[in-house]
Amino acid sequence: MVDEKLSWSNHINAVCKNISKIISVIYKVNHMLENNHSYMLYCSLILPYLSYACEIWGNTYKSRSHKLVLLQKKAIRNIAKASYLDHTHPLFVQYKCLKFLDIVKLKTLIIIYKAKNSMLPINLQTKFITIEEIHSYGTRSSKKGNFNVKFCKTKRKLMSIVLWVLSYETTYL
């Protein structure tokens, strides 16, 4: 769901609404299921909402994505039959499950990998310009094969997929 300002708030609200309905269903049937079956419900019903194209809409303001993080924590607590005050990090480790922000980082890093190996479609590949293509003199960044990060004035432009990918590339590689 895209609004006229490309803020993704409508989409995130719709995803939150769907996930909260699914969490209530899991909560109601959780007493009849074992933990691994509840986790299978999570993987089949909630995880697709969190991971589908999240590299595009997941790199938004923290205040917008925070709702999704809280819902995912609520879901993992329901699966583990834990109290609402229990820490969720051990539960994510126990179920070998990625947190929402980690899913966004992973999907973004996959795009970087595809861009470095020219596996993206042509229209997206042209957005990724290496420093070697801009100038010929050797720098530390050009020797690593880093991409050129474009300057941007606004926060919204900074959150575009290409600039997020480039910022992840300089941070994690």
Side-chain angles (χ1 to χ4, degrees), residues 1-115 119-120 124 149 152 154-173:
M1 297 176 65
V2 180
D3 62 353
E4 64 276 355
K5 295 181 181 179
L6 294 176
S7 67
W8 300 109
S9 59
N10 292 339
H11 178 77
I12 292 173
N13 289 335
V15 169
C16 287
K17 184 178 175 182
N18 289 333
I19 289 175
S20 61
K21 288 178 186 177
I22 295 167
I23 288 173
S24 67
V25 169
I26 291 175
Y27 179 76
K28 290 176 184 174
V29 299
N30 200 18
H31 68 280
M32 295 182 285
L33 299 174
E34 296 178 15
N35 287 356
N36 58 349
H37 294 129
S38 298
Y39 180 69
M40 285 175 35
L41 282 175
Y42 166 81
C43 288
S44 61
L45 298 176
I46 295 176
L47 198 56
Y49 281 109
L50 293 176
S51 62
Y52 182 71
C54 68
E55 62 272 16
I56 297 170
W57 58 267
N59 290 315
T60 185
Y61 295 103
K62 298 261 185 214
S63 60
R64 290 190 182 136
S65 63
H66 187 66
K67 293 185 265 185
L68 289 167
V69 170
L70 292 178
L71 283 173
Q72 187 186 28
K73 287 180 176 185
K74 185 176 182 178
I76 204 77
R77 282 188 188 112
N78 280 340
I79 291 165
K81 298 176 179 138
S83 168
Y84 68 94
L85 293 177
D86 289 347
H87 289 284
T88 55
H89 181 72
L91 301 176
F92 281 109
V93 171
Q94 175 187 348
Y95 287 104
K96 299 175 184 164
C97 180
L98 288 176
K99 298 175 185 175
F100 174 68
L101 297 177
D102 294 335
I103 294 170
V104 173
K105 287 178 187 176
L106 175 68
K107 296 269 218 153
T108 307
L109 289 170
I110 288 172
I111 291 177
I112 292 172
Y113 173 80
K114 288 181 178 181
M119 297 168 59
L120 290 174
L124 289 178
V149 179
C152 59
T154 63
K155 186 84 168 175
R156 178 157 304 163
K157 178 67 176 173
L158 186 63
M159 289 184 192
S160 72
I161 182 66
V162 174
L163 288 174
W164 270 96
V165 165
L166 296 176
S167 66
Y168 277 120
E169 187 253 347
T170 56
T171 305
Y172 294 104
L173 296 181

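Since the structure is predicted, the reported quantities are computational estimates derived from the model, not experimental observations.
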- [ ] Starting at CD1 of I112, measure out to CD of E55 and round the result to the nearest 0.5 Å.
- [x] 11.5 Å
Open item on the list: Suppose we screen for side chain to side chain donor-acceptor pair (under 3.5 Å). Which residues come up paired with N78, at least two apart in sequence or across chains?
Closed with: none
TODO: Using side chain to side chain contact (heavy atoms under 4.5 Å, CB included) as the criterion, list what pairs up with V25, not counting sequence neighbours.
DONE: none
- [ ] Output the distance between atom CZ (R64) and atom CG (N10), rounded to the nearest 0.5 Å.
- [x] 9.5 Å
TODO: Tell me, please, which residues at least two apart from L45 pass side chain to side chain contact (heavy atoms under 4.5 Å, CB included).
DONE: I22, L41
- [ ] Rounded to the nearest 0.5 Å, what's the gap from CG on L68 to CG on L101? Could you check?
- [x] 9.0 Å
- [ ] Check side chain to side chain contact (heavy atoms under 4.5 Å, CB included) between L120 and all other residues, then give those that pass, not counting sequence neighbours.
- [x] I111, K114, A115, L124, Q125, F128
Taking distance alone, no hydrogens or angles, what donor-acceptor pairs closer than 3.5 Å link side-chain atoms of residues 82-93 to residues at least two apart or in another chain?
| unit_1 | atom_1 | unit_2 | atom_2 | d |
| --- | --- | --- | --- | --- |
| S83 | OG | L85 | N | 3.3 |
| D86 | OD2 | S83 | N | 3.0 |
| H89 | ND1 | K99 | NZ | 3.2 |

Open item on the list: Enumerate the ring-ring contact (aromatic ring centres under 6.0 Å, His included) contacts for residues 22-44, please, sequence neighbours excluded, ordered by first and then second residue.
Closed with: Y39-Y42, Y39-Y95
Task: CZ-CD distance between F100 and Q72, expressed to the nearest 0.5 angstrom - done: 8.0 Å
Task: Point-to-point distance, once rounded to the nearest 0.5 Å, from NZ of K74 to CD1 of I46 - done: 10.5 Å
Task: pair N13-K67: side-chain heavy atoms closer than 4.5 Å - done: yes
TODO: Identify the two heavy atoms, one from P48 and one from C43, that lie closest to each other, and give their separation to 0.1 Å.
DONE: CD-O, 3.3 Å
Open item on the list: Tell me which pairs pass side-chain hydrogen bond (donor to acceptor under 3.5 Å, both in side chains) where either residue lies in residues 43-53, with sequence neighbours left out.
Closed with: none
TODO: If a pair satisfies side-chain hydrogen bond (donor to acceptor under 3.5 Å, both in side chains) and one of its residues is in residues 14-26, list it, with sequence neighbours excluded.
DONE: none
TODO: Give, for atom CG of L50 and atom CD1 of I103, the distance between the pair rounded to the nearest 0.5 Å.
DONE: 5.5 Å
